[in-house]
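For ligands, and for the atoms within them, numbers begin at 1 and follow the listed sequence. When a residue number appears, it is its place in the shown sequence, counting from 1.
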Amino acid sequence: MRGMTENKLLLSMVVAILAGGVAGFVWGEAMASVAWLGELFLTTLKMLIVPLVAASIITGVAGLGDVRKLGRMGGYSVAYYACTTLIAVSIGLLMANLWQPGVGVDLASGAPAPKPAVGDVSITDLILSLVHPNIVDAAANMKLLPIIVFCILLAAALSTLGEKGRPVIGFFEGLNEAMMRIVEWIMVFAPLGVFALIASKLGSAGGGEAFVAQLAGLAKYALAVISGLLAHAAVLCAILMLIARRSIVEYLRHMGTALMTAFSTASSSATLPLTLEGVKLAGVDEKARRFVLPLGATINMDGTALYEAVAVLFIAQAYGIDLTFGQQMLVLLTATMAAIGAAGIPEAGLVTMVIVLEAVGLPLDGIGLILAIDWFLDRCRTTINVFGDSVGAAVVGRLTQAKQ
Ligand code: ASP
């Protein structure tokens, strides 16, 4: 998957996204007939997630060879996640204060808010979600965080066993290579899958007319979120250039397929196989990418954090509630937590926003105001989530190599 082939795939992806958009826009609900193709692509990607996360983390951590190096890599990763997430929320707050998207919004225009799942939202719940009593059950239910914790422990233990640990590590090496080979095969199918996902989603959302109406109804809010996401993308590009010392154009070329898949699937977890492939093509250090990407897809969500800040301020403004500077700082902290807690699946951020709304005492029904356009903004923020993870892998790869 080098040179020409990679460029061809990238071009097909761009054409597929555009064609999917046009088809969904023009033919509306009729495009539901291709939904199964999108589902096929998505489900095939999801099928790889659990074995890929396990093999990637185990080989990444075991490859470090020394538990102190794991500490360094973990430290850099967490520092990167924390800094970029805080920058993202700050940009979100700034945009919401600049655009004032909620001022003058008609409160009656909202859809009824979904029943929010209030479980799993406090700090202690977040910590407890790191472990699971039954690892097979965690795998069966795609609870990635406990799988990651288990695999880090397993790999650390295996690397202390010397000869006895080697065959087990070798097994996961082979599994990892095989999974990546399957990813290469699936990539050939990616343009068709992306086309079907975009066309059927836009179609089932009512086609072009309904989309334009949804967008117009929440135009300022959508603009605040999208301009914030673009500003954050620029920050990530600067980090890529200045800290990871990489060419932005080259990196984006390798990551293009993954980013467009993120946009089409609205799921960082489902995109993970392609993110791993993209970062591999970009030549990021093997151990860093195997460790940083699965963890990032699960807990590092810059786009989600930024969107939560804008959405919460939008809701406050719509209800005519002025949030003080102190309350906005509370939004900063809780939106960071909410983004960590959000799973890498469609519209997870909408659910964890409950943490932020409750922290500043806003009505949960406010979520109903932003529902209409969330399916679209979800795609935009997921793209930034995946880009943030890939930049993280490049940064951690460079910093850990520099220390060797
Ligand atoms: N869909 C996003 C993701 O998978 C999470 C969110 O809802 O913000 O990254």
Side-chain angles (χ1 to χ4, degrees), residues 38 41-43 45-46 48-50 52-53 81 84-85 88-89 91-92 113-114 116-117 120-121 126 129 142-145 148 194 197-198 201 205 221-222 224-226 228-229 232-233 236 255 258-276 278 292-312 314-315 331 334-357 367 370-393:
F41 174 57
L42 193 61
T43 311
L45 282 178
K46 283 188 187 164
L48 301 184
I49 297 176
V50 170
L52 195 54
V53 165
Y81 299 152
T84 49
T85 307
V89 190
I91 294 176
D120 271 5
V121 285
L126 215 58
S129 71
M142 288 243 209
K143 290 184 188 300
L144 294 186
L145 217 45
I148 290 175
V194 160
L197 283 169
I198 298 271
K201 183 67 208 183
Y221 164 66
V225 174
I226 292 172
L229 291 175
H232 191 66
L236 291 174
M255 286 307 300
L259 295 179
M260 284 184 265
T261 305
F263 183 79
S264 321
T265 59
S267 168
S268 334
S269 301
T271 310
L272 179 63
L274 299 180
T275 317
L276 278 160
V292 178
L293 289 178
L295 193 59
T298 319
I299 63 170
N300 180 46
M301 300 205 181
D302 296 355
T304 302
L306 187 151
Y307 139 87
E308 303 228 355
V310 179
V312 167
F314 169 83
I315 292 169
V331 171
T334 48
T336 303
M337 229 175 83
I340 297 173
I345 56 173
E347 309 214 350
L350 201 63
V351 178
T352 59
M353 198 193 302
V354 172
I355 311 178
V356 194
L357 289 172
I367 293 181
I370 54 170
L371 268 185
I373 197 68
D374 201 66
W375 69 271
F376 177 69
L377 295 180
D378 190 12
R379 282 146 207 274
C380 303
R381 64 184 188 254
T382 307
T383 310
I384 297 298
N385 287 347
V386 168
F387 188 46
D389 295 339
S390 74
V391 172

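- When the options Ile198, Val386, Leu197 are evaluated for a side chain to side chain contact (heavy atoms under 4.5 Å, CB included) with Thr265, the one that passes is Leu197.
- In this structure, Thr85 and Ala305 approach most closely via the heavy-atom pair CG2-CB, 3.6 Å.
- No side-chain N or O of Tyr307 forms a donor-acceptor pair with one of Asn385 less than 3.5 Å apart.
- Between Tyr221 and Phe314, the ring-plane angle classifies as tilted under the 30° and 60° cut-offs.
- Regarding atom 4 (O) of ligand 1, its nearest protein heavy-atom neighbour is Ser268 N, 2.9 Å.
- Considering backbone and side-chain N/O atoms, Met301 never comes within less than 3.5 Å of an N/O atom of ligand 1.
- Listed by number with element, the atoms of ligand 1 under 4.0 Å from a non-hydrogen atom of Ala266 are 1 (N), 4 (O).
- Scanning both residues, Thr298 and Leu145, for their nearest heavy atoms gives CG2-CD1, 3.7 Å.
- Each of the atoms 5 (C), 6 (C), 8 (O) of ligand 1 lies under 4.0 Å from some heavy atom of Thr304.
- Side chain of Ser268 to main chain of Thr382: no donor-acceptor pair is present (N/O by atom type, distance under 3.5 Å, no hydrogens or angles).
- Atoms of ligand 1 found under 4.0 Å from any heavy atom of Glu347, numbered from 1 in the order shown, are 1 (N), 7 (O).
- Listed by number with element, the atoms of ligand 1 under 4.0 Å from a non-hydrogen atom of Gly349 are 6 (C), 7 (O), 8 (O).
- Of the possible donor and acceptor atoms, none in the side chain of Asp378 sits under 3.5 Å from a partner among the backbone N and O of Pro346.
- Polar contact check, Ala342 against ligand 1: no nitrogen or oxygen pair lies under 3.5 Å apart.
- For ligand 1, the atoms sitting less than 4.0 Å from at least one non-hydrogen atom of Ser267 are 4 (O), numbered in the order shown with element in parentheses.
- Of the possible polar contacts, none joining the Arg379 side chain to the Ala266 backbone as a donor-acceptor pair under 3.5 Å is found.
- Ligand-side atoms of ligand 1 in range of Ala343: 5 (C), range being under 4.0 angstrom from any heavy atom.
- The protein atom (non-hydrogen) at minimum distance from atom 2 (C) of ligand 1 is Thr382 OG1, 3.3 Å.
- Side chain of Thr334 to backbone of Val356: no donor-acceptor contact under 3.5 angstrom is found.
- In summary, the atoms of ligand 1 found under 4.0 Å from a heavy atom of Ala348, numbered by their order in the structure, are 6 (C), 7 (O).
- Between Asp389, Val351, Ile345, it is Ile345 that holds the heavy atom closest to atom 5 (C) of ligand 1.
- Residue-to-ligand polar distances keep Leu350 apart from ligand 1: every N/O pair is separated by 3.5 Å or more.
- Taking distance alone, with nitrogen or oxygen atoms compared against 3.5 Å, Arg381 approaches ligand 1 more closely than that limit.
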